[in-house]
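In what follows, a single structure is set out as structure tokens and then discussed.
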Amino acid sequence: MKQTVELAAHYYLDNFLRLCRTVDARYGDLLTGDERAVLECFHKLSFDSQCLYIRLISRTGPWFRESKVQYREIDSLDTCIDELLANNMAMLAEGLDTEELNSLFTRAELQSAFAAQLPKDKYGSKAALIAAIDTLDLTSAALQKNLGSSEPGRILTPLHFEFIELLQLLFFGNRHQSLTEFVLEDIGITRYFPYSLNREERLFKNRAAVDEYQLCAAFADEHYDALALEDWDALPRLGRRLAKLNVQHGSSLRRYHSLCNRLARDLERMEEFGVALSLYRHSERHPARERQVRILEKRGDWKKAKRLCLQIIETPWCEAEQEAARRILPRVERKLGGSATTRRRDQFKTCALSIPRGDRSVERLAAQSLSQDWHTVHYVENRLMNTLFGLAFWEEIFMPLPGVFHHPYQGGPADMFEQGFRERRAAAIEARVNVLLNGSLSVLLPQAYRRYQSNFCHWTDWRHIDEQLVRDSCQLIPNAHLVAIFERLLFDPRENRSGFPDLIALGKQPGDYRLIEVKGPGDALQDGQKRWLRYFDRQGIPAEVLWVNWTDD
DNA sequence: AGATTTGTGG
DNA sequence: TTCACACGTTCGT
DNA sequence: GAACGTGTGTCTCCACAAATCTGG
Ligand SMILES: [Mn+2]
Ligand SMILES: [Mn+2]
């Protein structure tokens, strides 16, 4: 992409200093004495050394070769490294293990460094060469010494990496955003809606909340690493430790519950049902209770399974959960000697289509075939309705309620997908729904499209949904239908943002449209798709399932 | 040698 | 370092 | 039909270079 904005040569340091100022103002009181000392030490460094430190911190290390560290804006690298070392902001390597060798040196360098011990041209890949070096069983000092001729400079790592991570965590409130957000916005790659920040309410109430978040994050990393290494034995142990945690701060509960669910699911596959159950019991996030029922059923614990089913049906966390319980309950009751209950089957409007196989997806082939009967057919899945929803409720989504906007780089409020999103904005949403019902969506939504275009929002997809499609959809879909769809999205934004049909077919007159879910041979409706189809049925929204088979079979 | 993956920086 | 979807297999009714 | 596992495209950017892999 062509560069349109000129950034200062040390833009990254400016960004980091901005982050520091913000965090210090908001959370300065939560930092420990040691952490404040590191910050102070950093600020006392020379300008160029500060630049170097931030450059290193933002690259993938942890180790760096001096010869691979070169920046136009940093004059005397040698002096800067000395300064970092002297101030305990970096340290030199004293020996390297084979894995570190792997990421520091090229295959060719390693080959020639170990030419004396290992035959040349014998290893088909770098991984094989590394494995061979590992079997030499050299000390880490010896390993580093061997590479001395490949690297004339020093090998160093920046220190206090965890503290820098802490600063970013305090700024963003999560681990997946970082300093790159700043530059992406600065050069115009991403744009965020200028909602007003309400910094009265802090995400982390106290230091304990921060520590708890980081503890959960460490567990998540352990889980991830164990899966990557296929270290199955580690999972039950990890599960038992995780179940002992007493997580209580709102800022980490959601992540804790998700982690419990993910790990417990893995433990189920290993038939570690006891640990899995205890993790699910700690989780307040779907599908924790559903999974508990399934484990109880698998164990033949019919009575407990039935009791939990009834509890779910009575007070469900979401529709999917209630549906699962209704599906399982008759099975369990039959085992308990109960009566056979018949469940009514879904009767969706269906349609069949025979077309030849092609080089594109079944959805695109079906769309092409249908375009003979319709003015236009679009393959949109969730994108269209989600975009329309975002446009319709933009101002309500970005309402500056306390504690929902922590920094300027959010695509929606913190509680967007939490229970109570609608309740907390009840009056505003109510008023907006009335405006939409009584106004013309085909005017309002294209207007909104132009006004908010390219601002990042969890709902809108500016790339795939253009203004014309928004206009056409709103002209052909009756207001009442769209508002009915919006109501359901408002009811449970998390659960209902998916499951929309693949295609929308548009005619030429208002009301002349259809939502079409394409199903190829062997495919079946998913639960979320069924829920939307049932709702469309109740609301009189035209939708159908198109079963495709290949003519050449 | 060409294709693919990874790291980097703005 | 996910999420939503399609696709393939197995099992029980 | 129900439940489960797995593969795929896509992640809030894109250009460029270096390193590595691949297959002949
Ligand atoms: Mn689909
Ligand atoms: Mn489909």
Side-chain angles (χ1 to χ4, degrees), chain A residues 1-12 15 54-56 58-61 64 68-73 102-110 123-130 174-192 217 220-221 223-225 227-228 258 262 265-266 268-269 287 290-291 294 297-298 323-324 327-328 330-331 334 340 343 345-346 361-363 379 381-383 386 409-412 417 454-458 460-464 494-495 497-502 517-530 548:
Chain A
M1 195 186 215
K2 205 180 155 206
Q3 183 83 18
T4 52
V5 191
E6 278 295 308
L7 296 183
H10 48 270
Y11 71 90
Y12 51 94
N15 290 341
I54 299 304
R55 283 288 199 191
L56 293 181
S58 49
R59 279 172 59 170
T60 47
F64 298 95
K68 302 280 181 184
V69 179
Q70 280 160 15
Y71 296 99
R72 245 174 302 128
E73 75 278 11
N102 186 16
S103 47
L104 272 174
F105 297 93
T106 69
R107 194 177 165 183
E109 286 170 330
L110 291 168
Y123 305 99
S125 68
K126 191 179 182 187
L129 176 59
I130 288 294
N174 61 57
R175 287 202 305 161
H176 57 265
Q177 288 181 293
S178 65
L179 283 169
T180 62
E181 308 294 328
F182 290 68
V183 68
L184 288 184
E185 161 112 306
D186 284 344
I187 63 181
I189 298 283
T190 50
R191 266 175 56 196
Y192 293 87
D221 288 343
H223 179 220
Y224 182 80
D225 292 342
L227 289 185
S258 292
R262 281 202 309 273
R265 198 67 186 76
D266 293 332
E268 275 192 78
R269 293 192 187 100
E290 178 192 334
R291 298 310 314 171
R294 292 191 190 282
E297 191 192 5
K298 196 172 284 181
E323 218 166 84
R327 210 154 47 202
I328 298 168
R331 242 185 359 240
R334 211 176 312 129
R343 273 196 314 124
R345 282 172 50 186
D346 289 310
S361 69
V362 65
E363 293 89 351
Y379 177 30
E381 263 174 356
N382 304 318
R383 293 187 289 265
N386 283 355
Y409 304 98
Q410 295 179 215
F417 300 110
S454 79
N455 283 297
F456 181 57
C457 169
H458 292 318
T460 52
D461 186 339
W462 306 110
R463 276 214 169 153
H464 296 100
R494 153 176 282 278
E495 182 175 45
R497 78 195 140 145
S498 64
F500 287 101
D502 294 312
E517 171 56 37
V518 179
K519 284 298 167 198
D523 196 1
L525 287 170
Q526 298 174 17
D527 291 343
Q529 295 172 333
K530 286 183 190 168
V548 174

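Every heavy atom of this structure was used, including side-chain atoms; hydrogens, water molecules and symmetry mates were not. Every chain is numbered from 1 and lettered A, B, ... according to where its sequence line falls, protein lines coming before strand lines.
Residue A:Arg345 has a polar side-chain atom (N or O) positioned under 4.0 Å from OP1 or OP2 of D:dG1. The side chain of A:Thr180 places no N or O atom within less than 4.0 Å of a non-bridging phosphate oxygen (OP1 or OP2) of B:dG10. Neither OP1 nor OP2 of D:dA18 sits under 4.0 Å from any side-chain N or O of A:Lys126. Between A:Arg72 and B:dG10 there is no side-chain N or O to OP1 or OP2 distance below 4.0 Å. Listed pair A:Gln526 / C:dA6 meets the phosphate criterion, a side-chain N or O lying under 4.0 Å from OP1 or OP2. Under 4.0 angstrom from either OP1 or OP2 of D:dG5 there lies at least one side-chain N or O belonging to A:Arg265. A sub-4.0 Å separation between OP1 or OP2 of D:dC21 and a side-chain N or O of A:Arg107 is present.
Using a 4.0 Å heavy-atom cutoff across all strands shown, A:Arg55 reaches sugar-phosphate atoms only and no base atom. Note on A:Gln70: nothing from the nucleic acid sits closer than 4.0 angstrom, heavy atoms only. Using a 4.0 Å heavy-atom cutoff across all strands shown, A:Arg175 reaches no nucleic acid atom at all. A:Lys68 comes within 4.0 angstrom of sugar-phosphate atoms only, judged by non-hydrogen atoms across all strands, and of no base. When heavy atoms are screened at a 4.0 angstrom cut-off, A:Tyr409 is found touching no nucleic acid atom at all. Residue contacts for A:Ser498: at a heavy-atom cut-off of 4.0 Å it reaches the sugar-phosphate backbone alone, with no base atom in range. A:Gly499 comes within contact range of the sugar-phosphate backbone alone, with a heavy-atom separation under 4.0 Å but no base atom that close. Among the atoms of the strands shown, only primed sugar atoms or phosphate atoms (P, OP1, OP2) are found under 4.0 Å from some heavy atom of A:Gln529. Among the protein residues, A:Arg463 comes within range of the sugar-phosphate backbone only, with heavy atoms under 4.0 Å from sugar or phosphate atoms but none that close to a base. Residue contacts for A:Phe182: at a heavy-atom cut-off of 4.0 Å it reaches no nucleic acid atom on any strand shown.
In this structure, A:Arg497 atom CZ and D:dT10 atom P are separated by 18 Å, rounded to whole Å. We find that CG of A:Asp523 is positioned 14 Å from C1' of D:dG1, with the value rounded to whole Å. In this structure, A:Arg327 atom CZ and D:dC4 atom C1' are separated by 12 Å, rounded to whole Å. Rounded to whole Å, atom C1' of B:dG9 lies 14 Å from atom CG of A:Leu56. Atom-to-atom, NE2 of A:His223 to C1' of C:dT2 comes out at 14 Å; the value is rounded to the nearest Å. Residue A:Glu517 contributes atom CD, which lies 9 Å from atom C1' of C:dC5 at whole-angstrom precision. We find that CZ of A:Arg294 is positioned 10 Å from P of D:dA2, with the value rounded to whole Å. When rounded to the nearest whole Å, the span between CG of A:Leu129 and C1' of D:dT20 equals 13 Å.
Of the candidates C:dC5, D:dA3, D:dC21, the closest approach to any side-chain atom of A:Ile328 belongs to D:dA3. With C:dA4, D:dC13, B:dG9 as the candidates, the nucleotide lying closest to the side chain of A:Ile189 is D:dC13. In the set D:dA2, C:dA6, C:dA4, C:dA4 carries the atom at the smallest distance from any side-chain atom of A:Asn382.
Taking atom P on both nucleotides, B:dT5 is separated from D:dT10 by 15 Å, rounded to a whole Å. As rounded to the nearest Å, B:dT4 and D:dT8 have P atoms that lie 15 Å from one another.
Listed for the A:Lys126 side chain is a donor-acceptor partner under 3.5 Å among the backbone atoms of A:Asn102. Without hydrogens or angle criteria, A:Asn15 side chain to A:Leu179 main chain gives no donor-acceptor distance under 3.5 Å. For A:Glu517 (side chain) and A:Asp502 (main-chain N/O), a donor-acceptor pair under 3.5 Å exists by modelled atom type.
In summary, the aromatic rings of A:Phe456 and A:Tyr409 are positioned with their centroids too far apart to meet the 6.0 Å limit.
The structure places CG of A:Asp461 at 9.0 Å from CG of A:Asn386, a figure rounded to the nearest 0.5 Å.
Remark: D:dA2 base-pairs with C:dT10; criterion is Watson-Crick or G-U wobble with both hydrogen-bond distances under 3.5 Å.
Among all heavy-atom pairs drawn from A:Thr190 and A:Glu185, the shortest one is O-OE1, 3.2 Å.
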